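Nothing here was measured: the structure is a model prediction, and the numbers come from that model. We name chains A, B, ... by the order of the sequence lines, and we start the count at 1 in each one.
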Number of protein chains: 4
Amino acid sequence: MTKPDRRVQRTRELIQQALIALIRERGYDPITVQDIVDRANVGRTTFYLHYTSKDDLFLHCHDAILGQFQLSPHTHLAKAALVGPEPPEAMTRAFQHLVEARALLTPILQGKDSLIILRRIRDRSAEEIAAHLRNAYGEAESRIPLDLLASYLAGAQIALIQWWLEKRPPHSAEQLAQSFHRLQRAAIRDAFGLGELEAG
Amino acid sequence: MTKPDRRVQRTRELIQQALIALIRERGYDPITVQDIVDRANVGRTTFYLHYTSKDDLFLHCHDAILGQFQLSPHTHLAKAALVGPEPPEAMTRAFQHLVEARALLTPILQGKDSLIILRRIRDRSAEEIAAHLRNAYGEAESRIPLDLLASYLAGAQIALIQWWLEKRPPHSAEQLAQSFHRLQRAAIRDAFGLGELEAG
Amino acid sequence: MTKPDRRVQRTRELIQQALIALIRERGYDPITVQDIVDRANVGRTTFYLHYTSKDDLFLHCHDAILGQFQLSPHTHLAKAALVGPEPPEAMTRAFQHLVEARALLTPILQGKDSLIILRRIRDRSAEEIAAHLRNAYGEAESRIPLDLLASYLAGAQIALIQWWLEKRPPHSAEQLAQSFHRLQRAAIRDAFGLGELEAG
Amino acid sequence: MTKPDRRVQRTRELIQQALIALIRERGYDPITVQDIVDRANVGRTTFYLHYTSKDDLFLHCHDAILGQFQLSPHTHLAKAALVGPEPPEAMTRAFQHLVEARALLTPILQGKDSLIILRRIRDRSAEEIAAHLRNAYGEAESRIPLDLLASYLAGAQIALIQWWLEKRPPHSAEQLAQSFHRLQRAAIRDAFGLGELEAG
DNA sequence: TCCTAAGCGAGACGGTACGTCTTGTCTTCCA
DNA sequence: TGGAAGACAAGACGTACCGTCTCGCTTAGGA
């Protein structure tokens, strides 16, 4: 049996919070391990005792980061949500939330070192979408392989968010949500042959 | 006036070819400047005389790389191409070409350092798509902001290629082309309200 | 009053024996505190409870080590012993003993960290020699300051032993003893003006 | 052919001088490689380009250090020098020089890390003495193996210097020289059976 | 045809960060 | 309640690259 050892937990949190704080200040790439341990008031060795590298630490922070992307396929891809051209309220709120989280997200979306987590977000997102579609519509019904479709949707979603946060186009969160909703709906309808139920 | 000096040109080519060759062998990230100059039989100084960094050199190689992504919106998003559910032949060929170029592309798509060029490919792709749509359909006609739509399509395209080359799912190039074509068509039809012309 | 506490004694012995054993195996320098506590089946804290450092422990082991240098001035510098050119039997035995103790002594004589104990052996040896000479001949009789003479003899003795154990010249223990005896005798005779009693 | 490259020579001198200066200030042991490169205004890498460790550097400084021990067997063990009880003038001067060099020598004689160079001084000294004796008196003439005798004399000499510089006894340089001379003379006379030519 | 400036190979250099190692302290928990 | 277990802060270590720098050698292209 391993004892949880409250100290260990505390140390890890100190280190993770130090990283998050530093990312907000200067972005991810220029941060060094020394910066992190200085900020966390922790010995260099201790850092390597818990994480193998800065990237490894970063991956272990993904809960703090993934949580920012609050786009759950269960709500924004629910069958009911895809009927009309209006996006579910939750999606609009999610896009609004992204703006607020920009300080943390921008450095992550831009830094080259954070590519790993971006990839992970994308893959996890694709998996969730695929699972949801398989569940809600059934694999066999689709004219397009579900894994392909999921990858398409997940990639488009990430790209859209990246584009919006980086390029800062003048579109509002509502507009974003609506456009994204339309495009998703079109893709899924096409895949499952749901026809044009209304003009939109 | 600067004289072209054939030697300068030759040196740059040596360096670029050295990089391309090394990428094929081990991927992009682990390559060091020293590796490149050793391979190119060139002095370290000479390298920095022409390029400011490995990334800078990489960007100057982008012709050699961008050329591999032979997806031009002028052909695969042409109005005529979007009528039926069958992808234009050129698109199928482009996907087939990607498989052949896998040895070069995979390290680039995966390495974190190559994020820059990936971003550049994506942005340039988005610009081309936007220009094409503006030209072919007119900005005003769209229910979705054209820049947003272009970003969506470009992101989805890159993600799909990445997914296909990395995960190596069992779908053929033809299948890829067809699915991708359907999804693009659905998005554009939805944006421009072209209705369901046929069952597909 | 502190209780002797047999456990404390036991722990110290465990630690000391661990050190001695490790010295025999790999020499002194590369041993770490962690090595010692692992070998002794003792907690790190416990070690520092009894000794302040590896060197400190080493000094507390000196009985186990000093005992190997069985050269007592009371016997090998006794007035009677210095009459003839033949060394006292005890001295020959002492040199023979050194060969047997080589496994333990060599790492100590060579390791840089063991300089402390070597210095201590030398100083103690010099003190003993000085006390003996003062006692046997009287301070005033010497043409050479007794502390200087003692230091000279002690230094020469250590050096000879070091040289013999390290360089492994082909001379036998008997030869060593005889030569060393002659040289000591010559030094003391010169100091106290005892003339040439015989040809030797 | 290797070019000497004046820069390399300069760098090495900078580093060596930095070490010597630091030894004078704080002794040898507590100096770190970083201290040295800081003082020498040299990159850490550069240090390791020329020397493998602090000790290695130290050994390469031995000319600067060995020179302080100006006791050449050719003068202080010359046949002529051993006739009378008075030490050659050069020996007295050498001992006087040692006092002046105390600031540099004391840290070296005491620090545990400098054991290496001390050993080297001792060995080289022994070799020189052996060579001189072999040359001046002939190997066969000695009742004592010459290498043994040389080791004895060299060890005694180092020990005496160490004792004098460390313990700072009230004896003058002249006294030291005289005593040391007598003892050496006695040892060599005994070895080569030169009898007592005079009372001394 | 020479000669003179540029391009170049070679590699030393200062610098930054890395991941590892050992030390001595401090905490927790068990017997 | 003392000791084993081991987390921890501190900081030196030797390595890997970086981008800059001198140093001569080669090699045109204009005189």
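With contacts defined as side-chain heavy-atom distances shorter than 4.5 Å, the pair D:L57/D:F47 qualifies.
In terms of the side chain to side chain contact (heavy atoms under 4.5 Å, CB included) criterion, residue partners of B:R120 (sequence neighbours excluded) are, by chain and number, B:L59. Under the salt bridge (charged side-chain N to carboxylate O under 4.0 Å, His left out) criterion, C:D55 pairs with D:K112, not counting sequence neighbours. With sequence neighbours left out, the side chain to side chain contact (heavy atoms under 4.5 Å, CB included) criterion links B:Q110 to A:R119, B:T106, B:E166. Partners of D:A40 according to the side chain to side chain contact (heavy atoms under 4.5 Å, CB included) rule, which considers only residues two or more places apart in sequence or in another chain, are D:L14, D:I15, D:A18, D:V42. Take B:T45 and apply the side chain to side chain contact (heavy atoms under 4.5 Å, CB included) test, not counting sequence neighbours, and it matches no residue. For B:N41, there are no side-chain hydrogen bond (donor to acceptor under 3.5 Å, both in side chains) partners, not counting sequence neighbours. Judged as a salt bridge (charged side-chain N to carboxylate O under 4.0 Å, His left out), and not counting sequence neighbours, C:D38 has no contacts.
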List the protein contact pattern of nucleotides 23-28 of chain F with one symbol per nucleotide (5' to 3'): B for base contact, S for sugar-phosphate-only contact, - for none; contact means a heavy-atom distance under 4.0 Å. ------
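Of all the residues in residues 47-62 of chain A, A:H50 reach under 4.0 Å from DNA chain F with at least one non-hydrogen atom. Residues from residues 10-36 of chain D that place a heavy atom under 4.0 Å from any atom of DNA chain E, listed by number: D:T11.
In this entry the distance linking CD of A:Q9 with P of F:dA7 reads 14 Å, nearest Å. Distance C:D38 CG to E:dT23 C1': 15 Å, rounded to the nearest Å.
Residue A:V42 is classed as a sugar-phosphate contact, given heavy-atom separations below 4.0 Å to backbone atoms only.
Residue pairs that meet the salt bridge (Lys or Arg N to Asp or Glu O under 4.0 Å) test with at least one member in residues 11-24 of chain C, sequence neighbours left out, do not exist here. Screening residues 103-124 of chain D for ring pair (Phe, Tyr, Trp, His ring centres under 6.0 Å), with sequence neighbours left out, gives no hits.
Counting distance only, with no hydrogens placed and no angle test, the side-chain atoms of A:T45 and the base atoms of F:dA7 include no donor-acceptor pair under 3.5 Å. At a cut-off of 3.5 angstrom, the base of F:dG14 holds at least one donor-acceptor pair with the side chain of D:R44. At a cut-off of 3.5 angstrom, counting only N and O atoms as typed in the model, there is no donor on one side facing an acceptor on the other between the side-chain of C:T46 and the base of F:dG2.
Contact detail for B:L104 and B:P107: the closest heavy-atom pair is O-CD, 3.3 Å.
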